[in-house]
Amino acid sequence: LRLNGLQERTFHLDNKIRWNSTFLMLTNFLSERYVDVIVSYINSVHGENAISDLDIRMAESFVSFLDIFYKETCYLSAVYTPTSFLGLHTMTAIAVHLDKYKNKTIFQDSIQAMTAKFLKYWGAGKVPLLYGFGAILDVRCKIGGLKKFLKYIRNHFVDQDYIALDLSRIVEAFFDLFKVYEAKLL
């Protein structure tokens, strides 16, 4: 089936608990080749301005907002590339992004839900050891860089004491693991 010279296609479905599905659905909808056809069709079936210019601008705003989450998920989902050193970079990028948008009315409900999800997995005392180990082993970061990342997240996103609850836990676990390897070498 062809409509206005375009191939028929299916669009990603939205899943209210997965921001990447929302991002992909809206990106597909807004693709330059399809948005005008879709809007024309919907408006012809459901009445003029069923989808308005304001709706399109809101969809574009959400795509812009969700873009970082999609990209960071793709970075961390690499199969054949080591990604553990990217964990703290991703946490920081997401924390800064959520902080940047927290006062924008259109995103209030989303920010609140995403912040709760962020804190559920990456709140103070919950930073995954793998992310900490990846930072320590990254020659650009090491323990000092790990401390800077944790302090940055605390100062720019949530007022939770990542330094007190995560730094010593991660460093101690790292050296405990090192001692295990060292003992096996002797």
Side-chain angles (χ1 to χ4, degrees), residues 11-29 58-138 140-178 180:
F11 291 95
H12 292 276
L13 299 177
D14 189 22
N15 179 335
K16 70 179 186 173
I17 61 168
R18 301 280 186 236
W19 53 53
N20 284 345
S21 66
T22 303
F23 173 81
L24 292 171
M25 180 192 67
L26 290 172
T27 300
N28 284 338
F29 168 69
M58 287 179 67
E60 290 168 343
S61 294
F62 268 93
V63 165
S64 177
F65 171 69
L66 293 172
D67 183 61
I68 190 171
F69 299 101
Y70 179 75
K71 286 179 181 172
E72 294 298 332
T73 301
C74 290
Y75 293 150
L76 290 179
S77 299
V79 176
Y80 299 109
T81 307
T83 59
S84 58
F85 71 97
L86 294 173
L88 283 177
H89 295 274
T90 295
M91 280 181 60
T92 304
I94 289 173
V96 168
H97 192 69
L98 289 171
D99 188 51
K100 174 183 170 185
Y101 281 88
K102 71 181 176 190
N103 294 322
K104 298 203 184 267
T105 307
I106 188 174
F107 300 117
Q108 289 298 306
D109 293 338
S110 298
I111 294 287
Q112 189 174 20
M114 292 169 127
T115 299
K117 184 70 81 172
F118 182 96
L119 294 175
K120 177 181 176 184
Y121 294 106
W122 296 334
K126 298 177 185 175
V127 174
L129 291 176
L130 179 64
Y131 289 3
F133 291 3
I136 292 169
L137 293 171
D138 186 340
R140 300 165 296 171
C141 197
K142 302 181 185 175
I143 293 174
L146 171 62
K147 185 175 181 178
K148 285 182 182 178
F149 271 112
L150 296 174
K151 187 183 284 187
Y152 190 83
I153 293 171
R154 178 194 67 201
N155 293 342
H156 290 90
F157 179 56
V158 291
D159 193 24
Q160 293 191 357
D161 197 351
Y162 284 88
I163 302 299
L165 296 172
D166 286 294
L167 184 63
S168 61
R169 178 180 63 85
I170 291 169
V171 171
E172 285 174 24
F174 179 80
F175 282 110
D176 287 346
L177 183 62
F178 180 78
V180 169

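In this chain, residues are counted from 1 in sequence order.
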Out of curiosity, [X] [atom1] to [Y] [atom2], how far, rounded to the nearest 0.5 Å?
X	Y	atom1	atom2	answer
Phe69	Cys74	CZ	SG	13.5 Å
Ser64	Leu26	OG	CG	12.0 Å
Tyr162	Trp122	OH	CH2	9.5 Å
Ser110	Lys104	OG	NZ	14.0 Å
Tyr131	Leu129	OH	CG	12.0 Å
Ile111	Gln108	CD1	CD	7.5 Å

Please evaluate residues Ile136 and Ile170 with respect to the criterion side chain to side chain contact (heavy atoms under 4.5 Å, CB included), reporting the C-alpha separation (whole Å), side-chain torsions for both, the decisive distance (0.1 Å), and the verdict.
CA-CA 9 Å; Ile136 292 169; Ile170 291 169; 4.1 Å; yes
If you look at every heavy atom in [X] and [Y], which pair is closest and at what distance?
X	Y	answer
Val171	Ile143	CG2-CG2, 4.0 Å
Cys141	Ala135	CB-O, 3.2 Å
Ala124	Leu165	CB-CD1, 3.6 Å
Ile106	Met58	CD1-CE, 3.8 Å
Lys126	Arg169	C-NH2, 3.9 Å

Between Asp176 and Val180, is the side chain to side chain contact (heavy atoms under 4.5 Å, CB included) condition met? List the steps.
CA-CA 6 Å; Asp176 287 346; Val180 169; 5.9 Å; no
Is there a donor-acceptor pair closer than 3.5 Å between any side-chain N or O of Gln160 and the backbone N or O of Arg154?
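Between the backbone of Arg154 and the side chain of Gln160 there is no qualifying donor-acceptor contact (under 3.5 Å).
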Are the aromatic ring centres of Phe107 and Phe65 under 6.0 angstrom apart?
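Centroid distance Phe107-Phe65: below 6.0 Å, so yes.
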Assess whether atom [atom1] of [X] is packed by more than 12 heavy atoms of other residues, nucleotides or ligands within 6.0 Å.
X	atom1	result
Asp109	CG	no
Phe118	CZ	yes
Tyr101	OH	yes
Gln112	CD	no

Test side chain to side chain contact (heavy atoms under 4.5 Å, CB included) applied to Met91 and Leu88, step by step
CA-CA 5 Å; Met91 280 181 60; Leu88 283 177; 3.8 Å; yes
Applying side chain to side chain contact (heavy atoms under 4.5 Å, CB included), run through Phe174 and Leu146 and close with a yes or a no.
CA-CA 12 Å; Phe174 179 80; Leu146 171 62; over 6 Å; no
With a 4.5 Å cut-off on side-chain heavy atoms, are Met114 and Ile94 touching?
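When only atoms from C-beta onward are counted, Met114 and Ile94 do not touch, as no gap falls below 4.5 Å.
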Contact check, side chains of Leu177 and Phe133, non-hydrogen atoms, under 4.5 Å
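When only atoms from C-beta onward are counted, Phe133 and Leu177 do touch, with a gap below 4.5 Å.
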